[in-house]
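One structure is given here, and the rest of the page talks about it.
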Amino acid sequence: MSEKVRVGLALGSGASRGFAHIGVLEVLTEAGIPIDMVSGSSMGSIIGGLYCAGMKMSYMHRIAQQITKTQEYRFIDMTFPGLGLFRGQRIEKLIRTLCGNRRIEELNIPFVASACCIEDAQIVYFDRGDMTQAIRASISIPGVFEPVEIDGKTYVDAGVFERVPMSVLRKMGADYVIGVDVGYRGGANPKPKGLMQLMLTVYDMVEWEATQKRLECGDRMITVNTRAIDPSNFTKGAECIELGRRAAQDALDDIRRELTGRGVAL
């Protein structure tokens, strides 16, 4: 009897564009694609973590599409002087409310959140410990959120090393890895209209340069065209989700063919 083929899903960073991961997850689960483990970077760590914790896709969808500008402002806790524009305490409180006081090793599906350790100058994959703290470290875009200190080390978003954390899924035993990239993939950008949009756009371009060197780690990359979405605007959840659904639908036939070719019954 052949061993079960284990499927890993890597959800990349992308600020508000990361809501597209919800649409991708909806399509994959509706199609019966097995997801045995998930890795996430930045916004991908939030969506992936909630999915692995058992949050219903319908509830995640509803939260994302109902965010208004007023609600967005409630999570702004600016700090000056500091190591970032925002303290991040309010968004951390929201994540903890959604996740509960869960530990990563207790989740329904194996999950890792990626972050960059400043002192060690390397990626760290959190596969155990406080889930909220790990996700908060993963979303700490340099200059935007204050970094997180864990056990005396300083952590920020790992996107400049690996925007879509696929390699760690191989180490976890995944036989087939699906990556989801919602970020910048080359070409012109719209003129930035504010500091946040400027910072996120520049960071996105830097991430893309690093991402191109790691694309070979996965078997299938789902690329979502979010070029028209301002990464600093979190009120476009419904639009991002639909973009994610379209991209996943476009890739679905190939994923089915490749998995069935490996003996996975769909």
Side-chain angles (χ1 to χ4, degrees), residues 4 6-15 18-19 21-22 24-25 28-29 33-57 59-60 63-64 88-120 122-141 145-159 161-180 182 214 217-218:
K4 179 183 183 295
R6 303 183 72 197
V7 179
L9 179 66
L11 305 180
S13 56
F19 283 133
H21 292 312
I22 297 173
V24 172
L25 277 165
L28 294 180
T29 54
I33 304 299
I35 300 174
D36 299 296
M37 61 191 77
V38 178
S39 61
S41 174
S42 201
M43 188 64 168
S45 72
I46 296 179
I47 305 300
L50 293 176
Y51 174 76
C52 291
M55 179 177 284
K56 291 183 178 180
M57 296 307 305
Y59 184 52
M60 208 183 298
I63 291 173
Q89 293 176 350
R90 293 181 182 177
I91 190 68
E92 182 174 341
K93 183 178 180 181
L94 173 63
I95 294 169
R96 189 169 297 281
T97 298
L98 294 172
C99 297
N101 291 313
R102 304 286 293 275
R103 294 184 63 81
I104 296 175
E105 58 267 34
E106 299 170 347
L107 299 180
N108 303 343
I109 298 171
F111 169 72
V112 294
S114 66
C116 170
C117 177
I118 296 296
E119 289 84 356
D120 296 336
Q122 65 182 18
I123 298 178
V124 172
Y125 299 104
F126 291 98
D127 61 356
R128 59 188 61 253
D130 184 86
M131 180 179 175
T132 298
Q133 192 175 47
I135 292 175
R136 174 64 180 83
S138 185
I139 69 170
S140 298
I141 301 171
F145 287 111
E146 286 194 335
V148 172
E149 185 172 310
I150 300 175
D151 296 330
K153 296 292 182 72
T154 309
Y155 293 93
V156 297
D157 185 314
F161 283 125
E162 188 180 38
R163 184 162 78 188
V164 185
M166 296 181 289
S167 60
V168 66
L169 295 175
R170 294 289 190 204
K171 295 175 183 177
M172 291 170 64
D175 304 295
Y176 184 85
V177 175
I178 302 169
V180 185
V182 302
R214 293 176 177 263
C217 296

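In plain terms, the two heavy atoms of V156 and P147 that are nearest each other are CG1-CB, 3.7 Å. Taking every heavy atom of both residues into account, S41 and R163 meet most closely at CB-O, 3.5 Å. Taking all atoms of both residues into account, the shortest heavy-atom contact from L169 to G8 is CD1-C, 3.7 Å. For the residue pair C99 and T132, the shortest heavy atom distance occurs at CB-OG1, 4.2 Å. Heavy atoms only, all atoms of each residue included: C52 and P110 are closest at SG-O, 4.0 Å. Between Y176 and R170, the shortest heavy-atom contact is N-NH1, 4.0 Å.
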- Message: Pair C116, F161 - check side-chain contact (heavy atoms from CB on, under 4.5 Å), show working.
- Response: CA-CA 8 Å; C116 170; F161 283 125; 3.4 Å; yes
- Task: Run the numbers on F19 and M43 for side-chain contact (heavy atoms from CB on, under 4.5 Å), then give the verdict.
- Result: CA-CA 8 Å; F19 283 133; M43 188 64 168; 3.3 Å; yes
- Message: Could you go through I95 and I139, starting from their C-alpha distance and side-chain angles, then the distance that decides it, and tell me whether this counts as side-chain contact (heavy atoms from CB on, under 4.5 Å)?
- Response: CA-CA 11 Å; I95 294 169; I139 69 170; 4.1 Å; yes
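Considering only residues two or more places apart in sequence or on other chains, F111 meets the ring pair (Phe, Tyr, Trp, His ring centres under 6.0 Å) condition with none of them. Here K153 pairs with D120 under the side-chain hydrogen bond (donor to acceptor under 3.5 Å, both in side chains) rule; sequence neighbours left out. Not counting sequence neighbours, the partners of S138 by the side-chain hydrogen bond (donor to acceptor under 3.5 Å, both in side chains) test are S45. Taking the ring pair (Phe, Tyr, Trp, His ring centres under 6.0 Å) definition, one finds that Y51 meets it with nothing, sequence neighbours left out. Among residues two or more places apart in sequence or in another chain, the side-chain hydrogen bond (donor to acceptor under 3.5 Å, both in side chains) test is passed with Q122 by none. Residues satisfying the side-chain contact (heavy atoms from CB on, under 4.5 Å) test with A134, not counting sequence neighbours, are I104, A113, F126.
Between atom CE of residue M57 and atom CG of residue L25 there is a gap of 4.5 Å, rounded to the nearest 0.5 Å. Distance CG/L94 to OG1/T97: 6.0 Å, rounded to 0.5 Å. A distance of 10.0 Å separates CZ in R136 from CD1 in I46, rounded to the nearest 0.5 Å. The distance from the CG atom of L50 to the CZ atom of R102 is 10.0 Å, given to the nearest 0.5 Å. In this structure, OG1 in T29 is found 13.0 Å from NZ in K56, a value given to the nearest 0.5 Å. Distance check, rounded to the nearest 0.5 Å: OG of S42 to CD1 of I47 gives 11.0 Å.
The side chain to side chain donor-acceptor pair (under 3.5 Å) pairs that include a residue from residues 104-115 are R103-E105, where partners are two or more places apart or lie in different chains. Residue pairs meeting the salt bridge (Lys or Arg N to Asp or Glu O under 4.0 Å) criterion with at least one partner in residues 123-133, sequence neighbours excluded, are R96-D130.
The closest donor-acceptor contact from the side chain of R6 to the backbone of M172 lies under 3.5 Å.
Annotation: side chain of L9 is not in contact with side chain of I33 (no heavy-atom distance under 4.5 Å).
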